[in-house]
Amino acid sequence: MITREVQVKLEDHQLTAAMITSFVQHATSFSSSIQIGKNTKMIDGKSVLGVLTLGIKSGDHIILEADGHDEEQAIDKLSTFFA
């Protein structure tokens, strides 16, 4: 399992539904399980509704976790999504 903390940097200050959908599509392209979290709440990174409930906005620090045979590629790709 690989875990990475990422600071969110967005021009619009908050993730839109379209951005979340794009993130989830990228996450589902990996066979590894993907978790995303904010504060103490961790959810399935392959769930649009789950990611929406986190209320991620610019400046937040989030945690990305990937577990599986392509975990390194998943973390590298998904962490750049928020930068």
Side-chain angles (χ1 to χ4, degrees):
M1 178 178 2
I2 296 177
T3 302
R4 186 174 294 168
E5 182 176 338
V6 178
Q7 183 177 12
V8 179
K9 298 176 184 174
L10 302 170
E11 289 181 21
D12 295 333
H13 301 292
Q14 190 162 355
L15 279 177
T16 64
M19 294 167 73
I20 290 170
T21 300
S22 179
F23 172 82
V24 169
Q25 287 173 339
H26 282 88
T28 57
S29 71
F30 297 101
S31 63
S32 294
S33 66
I34 308 293
Q35 296 287 313
I36 183 171
K38 180 178 159 187
N39 301 327
T40 60
K41 185 176 182 180
M42 294 294 288
I43 54 93
D44 181 1
K46 296 182 179 182
S47 165
V48 172
L49 185 57
V51 177
L52 272 170
T53 64
L54 292 175
I56 298 169
K57 59 187 181 303
S58 192
D60 287 347
H61 289 263
I62 60 169
I63 301 295
L64 294 173
E65 289 182 355
D67 189 18
H69 80 277
D70 57 357
E71 61 191 24
E72 193 169 326
Q73 297 92 338
I75 285 291
D76 288 343
K77 175 76 172 185
L78 297 174
S79 62
T80 62
F81 183 85
F82 295 102

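Keep in mind the model is a prediction, meaning the values are calculated, not measured. Heads up: numbering here begins at 1 and tracks the sequence.
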Taking only distance into account, with no hydrogens and no angle test, what donor-acceptor pairs under 3.5 Å do side-chain atoms of residues 76-83 form with protein atoms, sequence neighbours excluded?
{"from": "Asp76", "atom 1": "OD1", "to": "Arg4", "atom 2": "NH1", "distance (Å)": "3.2"}
{"from": "Asp76", "atom 1": "OD1", "to": "Arg4", "atom 2": "NH2", "distance (Å)": "3.1"}
{"from": "Ser79", "atom 1": "OG", "to": "Arg4", "atom 2": "NH1", "distance (Å)": "3.1"}
{"from": "Ser79", "atom 1": "OG", "to": "Ile75", "atom 2": "O", "distance (Å)": "2.8"}
{"from": "Ser79", "atom 1": "OG", "to": "Asp76", "atom 2": "O", "distance (Å)": "3.3"}
{"from": "Thr80", "atom 1": "OG1", "to": "Lys77", "atom 2": "O", "distance (Å)": "2.7"}

Are [X] and [Y] joined in one hydrophobic group, where the rule is that I, L, V, M, F, W and Y side chains link up if heavy atoms are under 4.5 Å apart?
X: Ile43; Y: Phe23; result: yes
X: Val8; Y: Val24; result: yes
X: Met1; Y: Met42; result: no
X: Ile36; Y: Val6; result: yes

Would you give the length of the straight line joining atom [atom1] of [X] to atom [atom2] of [Y], rounded to the nearest 0.5 angstrom?
X: Leu64; Y: Ile34; atom1: CG; atom2: CD1; value: 8.0 Å
X: Leu10; Y: Ile56; atom1: CG; atom2: CD1; value: 9.0 Å
X: Lys38; Y: Asp60; atom1: NZ; atom2: CG; value: 4.0 Å

Gln73 CD: over 12 foreign heavy atoms closer than 6.0 Å: yes
Asp70 side chain vs Ser32 backbone, donor-acceptor pair below 3.5 Å: yes
Over all atoms of both residues, closest heavy-atom pair of Ser47 and Gly50: OG-N, 3.0 Å
Pairwise salt bridge (Lys or Arg N to Asp or Glu O under 4.0 Å) hits with a residue in residues 40-50, at least two apart: none
Evaluation steps, side-chain contact (heavy atoms from CB on, under 4.5 Å), between Ile2 and Glu72: CA-CA 7 Å; Ile2 296 177; Glu72 193 169 326; 3.9 Å; yes
Derivation and outcome, side-chain contact (heavy atoms from CB on, under 4.5 Å), residues Gln25 and Ser29: CA-CA 6 Å; Gln25 287 173 339; Ser29 71; over 6 Å; no
